[in-house]
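Because only heavy atoms are used, hydrogens play no part in the values below, and waters and symmetry mates are left out as well, while side chains stay in. As the structure is a computational prediction, the values presented were derived from the model and not from experiment. Sequential numbering from 1 along the given sequence is applied to the chain's residues.
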Amino acid sequence: MSQLYGVPLKSIMEQDIISDYKNRAAAAAAEAAKYEKLANQYSLLRLVVFGLFILSVVAAISLDEIVIIVVSAAVLSLCFAWLVKKQGGFDSMKNYFLDIEKVNQNEIGSMQNGTNIYPDGSEFVSDKHYYTSDLDLFGPNSLFQLINRAATTNGINKLAAWLSAPAEKEAILARQQAVDEIAAKNDWKIHTQANLVFGLKQGKHEIRNLFTYLQTPVELEQQWLYWYSRVAPYLLGGLITVAVFYAPARYAAGLAALFNLRLVVSKAKIIKKTDLVAGKIGEALGRFVFAFRGIENEQWESDYLGELTGKIGGADQQGVSASVKQLAELIDKLNYHLNIVMAVILNALFVWDIRQVIAIEEWKKNNRQNLEDAFDVLAEFEAVISLASLRINYPQWCFPFIADGDGYTLSAKEIAHPLISAAARVANDYELEDTFKIDIITGSNMAGKSTFLRTLGINTILALSGAPVCAGSMQVSVMTILSYMRIRDSLNESTSTFKAELDRLQMLLATADSDHKVFFLIDEMLRGTNSVDKYRGSKAVIEQLIRKKAVGLVATHDLQIAQLEQDHPDYVRNFYFDIRVKDGEMLFDYKIRHGECKTFNASLLLKRIGIDVDA
């Protein structure tokens with residue numbers, strides 16, 4: 001490894017990346033504090049406006065002039081609404097910069113401690129999947145925990161799907177290009193994450209609830225309400241104007257205001273139904289607006305990202321961000337009634353709640369069809385952003401070459417396990433190039449056999465999802481990994497370990513007959529039976545896999561299995577992991593070598609716990 005004054009260049013590079021995140025987090029925290037101060041100032045101004053309204057009421061009573069209340073209410077309500085909007089903007093900016101800080105701190109935690117504020121995908125764990133359980137794809141301390149930067153349920157599902165099945169070569173190459181482009185736009189990436197990270201606090205079903213709401217119309221029954229809600233402000237405004245010059249008209253103005261309030265109260269059930277759902281998604285929609293706008297306004301070079309952006313509108317057409325912004329603004333206006341005083345004023349003057357419900361329903365009729373497609377696009381961007389996090393945080397990792405050919409290719413230089421820390425992981429080389437082979441790996445306990453199988457498997461999953469891999473270089477065919485490693489019994493299904501192994505073997509043999517390429521990883525076959533049947537059964541399975549032209553690796557302690565190389569010299573290769581014993585201590589280098597293992601350590605390990613095998 002290259003070094004600078006005795007320090008590995010990789011360590012220097014990672015420290016530079018972490019320092020950049022720390023600087024970004026500190027700058028964001030300072031901005032958040034600034035906007036919090038502004039929000040507090042405008043909150044005080046709102047109290048001042050409310051105080052002025054109380055003074056106007058006192059003055060109107062003292063002078064017996066209702067016009068004073070009406071005029072001051074109209075003017076002060078506009079001032080109050082403006083202050084609410086300004087304060088809301090400052091609060092939004094404060095929350096945005098707090099989320100910028102959170103996103104950067106999360107990257108630091110991911111690189112230093114393997115932590116992640118995003119979901120770890122535990123809901124996708126399945127012992128019946130081809131490989132996800134054996135290769136630690138989902139759950140605590142998993143690959144998904146390392147990668148995931150998706151906050152929406154759609155994005156999480158999309159990323160999980162990418163890791164759960166290999167993509168076609170064209171899709172892999174398109175994703176590689178997209179990942180590389182987003183990795184070069186880290187400012188944009190962090191900005192987008194900050195605008196979506198709120199979803200981690202909002203619950204998993206928010207988008208689904210949004211779609212349900214958009215597809216559920218709210219009928220206001222009487223058609224005349226649509227027309228009256230439009231003319232009511234002008235009617236009351238006209239009466240107030242007349243009252244200025246003709247005092248008795250003030251009673252008519254008062255009656256009109258009371259009628260407006262009574263009308264709104266009569267529709268309280270409908271308004272509450274809208275507010276129950278819409279009120280909860282208003283803030284979320286505002287953040288989605290910025291996320292969509294960030295996608296629309298960016299100039300993308302990769303065809304994949306350009307095509308995705310085209311689905312939601314770009315610079316030359318109105319994008320989905322504009323329509324979502326309209327809905328967010330309508331919901332914000334409806335939320336004005338959360339302040340009781342403002343609810344009375346706005347509804348008396350403008351029939352406010354009814355106007356907003358009508359406007360929201362009209363928006364739903366005109367826009368709901370395209371919104372679901374837009375969130376699918378957002379999910380794909382979240383999945384690409386997740387893969388790009390690896391490219392940014394670990395620039396020494398490489399994009400694999402996707403190989404063609406009738407045979408199997410899985411070759412790598414300096415390949416290591418991405419879930420093992422850089423300081424502890426040991427890299428190996430492996431070569432399988434456009435051919436058909438079964439590799440037998442022997443070695444002592446804890447020498448590295450299982451970890452090597454998982455290293456090849458998990459990097460292949462990364463490669464075939466479009467992500468960079470933890471290797472110096474890598475070539476791989478498009479193929480499906482099938483693992484046979486953590487075989488467990490199941491009390492719920494009345495399944496013994498041996499039965500579970502047989503089920504897995506049956507899956508392997510059936511899958512080997514399929515048209516697509518399957519690369520198997522077997523760690524200690526048939527461990528649930530006696531040693532004689534284990535050897536005979538393992539030998540029979542491997543020979544059947546050879547007849548099926550299956551390809552993969554078998555890790556075993558049984559040296560007899562290694563003798564298959566003599567029977568099938570053109571198909572079977574032997575590799576091993578060795579140990580050295582020095583002064584009674586076992587020394588592991590975790591490096592793979594050609595040939596059969598000659599050194600085993602079970603007796604030494606047993607001796608350490610007080611069991612003398614030779615006794």
Side-chain angles (χ1 to χ4, degrees), residues 9-10 13-14 16-18 20-21 24 103-104 106-107 110-111 118 143-144 146-150 155 158-159 161-163 166-196 291 294-312 314 377-404 409 411-416 418 422 458-478:
L9 290 179
K10 181 169 66 175
M13 190 182 304
E14 289 186 1
D16 287 344
I17 294 169
I18 290 173
D20 178 61
Y21 284 131
R24 290 173 182 268
V103 167
N104 282 284
N106 184 60
E107 297 301 333
S110 177
M111 294 184 68
Y118 293 88
L143 182 66
F144 199 83
L146 174 69
I147 294 176
N148 184 32
R149 300 298 185 270
K158 182 72 67 176
L159 179 61
W162 284 9
L163 295 175
E168 297 295 330
K169 179 178 179 178
E170 293 74 16
I172 296 169
L173 297 178
R175 290 176 194 172
Q176 286 182 353
Q177 186 181 15
V179 167
D180 223 13
E181 182 171 9
I182 286 183
K185 301 174 184 280
N186 200 17
D187 288 341
W188 180 91
K189 171 182 171 289
I190 291 173
H191 164 80
T192 303
Q193 284 182 251
N195 282 322
L196 296 174
I295 294 171
E296 294 164 358
N297 293 343
E298 191 68 27
Q299 298 298 316
W300 302 109
E301 296 180 4
S302 69
D303 293 338
Y304 176 62
L305 297 180
E307 290 172 4
L308 282 178
T309 303
K311 295 179 180 179
I312 61 172
V377 168
L378 186 62
E380 296 230 7
F381 266 93
E382 282 195 288
V384 177
I385 284 171
S386 296
L387 302 187
S389 66
L390 295 178
R391 187 65 168 165
I392 295 169
N393 294 350
Y394 309 104
Q396 69 274 20
W397 293 14
C398 72
F399 279 120
F401 175 79
I402 307 303
D404 295 312
T409 295
S411 298
K413 299 289 186 183
E414 294 293 310
I415 190 168
I458 201 168
N459 279 290
T460 300
I461 300 310
L462 281 172
L464 301 182
S465 69
V469 296
C470 184
S473 65
M474 185 178 183
Q475 300 180 61
V476 63
S477 304
V478 176

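Glu414 CD to Ser473 OG: the interatomic distance, rounded to the nearest 0.5 Å, is 9.0 Å. Summarising the geometry, atom NZ belonging to Lys413 is positioned 12.0 Å from atom CD1 belonging to Ile415; distances are rounded to the nearest 0.5 Å. Note: Ile402 CD1 to Glu170 CD = 10.5 Å, rounded to the nearest 0.5 Å. Here CD1 of Ile295 is found 4.5 Å from CD1 of Ile312. Values are rounded to the nearest 0.5 Å. Here the CG-CG distance, from Asn393 to Asn186, works out to 8.0 Å after rounding to the nearest 0.5 Å. Between atom OG of residue Ser465 and atom CD1 of residue Ile172 there is a gap of 8.0 Å, rounded to the nearest 0.5 Å.
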Exercise. Is there a side-chain contact (heavy atoms from CB on, under 4.5 Å) between Met474 and Trp397 once you walk through the steps?
Worked result: CA-CA 10 Å; Met474 185 178 183; Trp397 293 14; over 6 Å; no
Problem set entry | Worked verdict on Leu390 versus Val179 for side-chain contact (heavy atoms from CB on, under 4.5 Å) | CA-CA 9 Å; Leu390 295 178; Val179 167; over 6 Å; no
For this session: Please assess Leu196 against Leu378 for the test side-chain contact (heavy atoms from CB on, under 4.5 Å), listing each intermediate value before the final yes or no.
Result: CA-CA 10 Å; Leu196 296 174; Leu378 186 62; 3.9 Å; yes
For this session: Take Glu382 and Tyr118, measure what side-chain hydrogen bond (donor to acceptor under 3.5 Å, both in side chains) needs, and give me the verdict at the end.
Result: CA-CA 12 Å; Glu382 282 195 288; Tyr118 293 88; over 6 Å; no
For this session: Check the pair Tyr21, Asn106 against side-chain contact (heavy atoms from CB on, under 4.5 Å), reporting the backbone distance first and the verdict last.
Result: CA-CA 9 Å; Tyr21 284 131; Asn106 184 60; over 6 Å; no
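Taking both residues in full, the closest heavy atoms of Leu387 and Ala467 are given as CD2-CB, 3.8 Å, listed atom of the first, atom of the second, then distance. For the pair Ala178 and Leu305, the tightest heavy-atom approach, listed with the atom from each and the gap, is CB-CG, 3.7 Å. Of all the heavy atoms in Asn459 and Pro418, the pair that sits closest is ND2-CD, 3.9 Å. Listed here is the closest heavy atom pair of Pro395 and Ile17: CD-CD1, 3.6 Å. In plain terms, the two heavy atoms of Lys158 and Ala383 that are nearest each other are CG-CB, 3.9 Å.
Contact annotation: the side chain of Ser110 approaches that of Leu146 to within less than 4.5 Å [non-hydrogen atoms, C-beta and beyond]. Between Leu462 and Leu143, some side-chain heavy-atom pair lies under the 4.5 Å cut-off.
Contacts of Lys311 classified as side chain to side chain contact (heavy atoms under 4.5 Å, CB included), with partners at least two apart in sequence or in another chain: Leu308, Val377. In this structure Trp300 satisfies the side chain to side chain donor-acceptor pair (under 3.5 Å) test together with Thr309, sequence neighbours excluded. Partners of Glu181 under the salt bridge (Lys or Arg N to Asp or Glu O under 4.0 Å) rule, at least two apart in sequence or in another chain, do not exist in this structure. Annotation: side chain to side chain donor-acceptor pair (under 3.5 Å) contacts of Tyr394 (sequence neighbours excluded): none. Every side chain to side chain contact (heavy atoms under 4.5 Å, CB included) that Gln475 has, sequence neighbours left out, goes to Phe401, Thr409. Scored by the side chain to side chain contact (heavy atoms under 4.5 Å, CB included) test, Ile18 finds Gln15, Lys22, Ile108, Met111, Gln112 as partners (sequence neighbours excluded). A search for salt bridge (Lys or Arg N to Asp or Glu O under 4.0 Å) contacts involving Glu107 returns Arg149, Lys189, not counting sequence neighbours. Here Asn195 pairs with His191 under the side chain to side chain donor-acceptor pair (under 3.5 Å) rule; sequence neighbours left out. For Ala174, the side chain to side chain contact (heavy atoms under 4.5 Å, CB included) partners two or more places apart in sequence, or in a different chain, are Tyr304. For the salt bridge (Lys or Arg N to Asp or Glu O under 4.0 Å) test, residues two or more places apart in sequence or in another chain that qualify with Asp20 are Arg24. Partners of Glu298 under the side chain to side chain donor-acceptor pair (under 3.5 Å) rule, at least two apart in sequence or in another chain, are Lys185. For the salt bridge (Lys or Arg N to Asp or Glu O under 4.0 Å) test, residues two or more places apart in sequence or in another chain that qualify with Arg391 are Asp180.
A distance-only check finds no donor-acceptor pair linking the side chain of Trp188 to the backbone of Ile182 [under 3.5 Å]. The backbone N or O of Ser386 lies less than 3.5 Å from no partner atom in the side chain of Asn148, so there is not a single donor-acceptor pair. Formation of a donor-acceptor pair under 3.5 Å by the Gln176 side chain with backbone atoms of Pro400 is found in this model.
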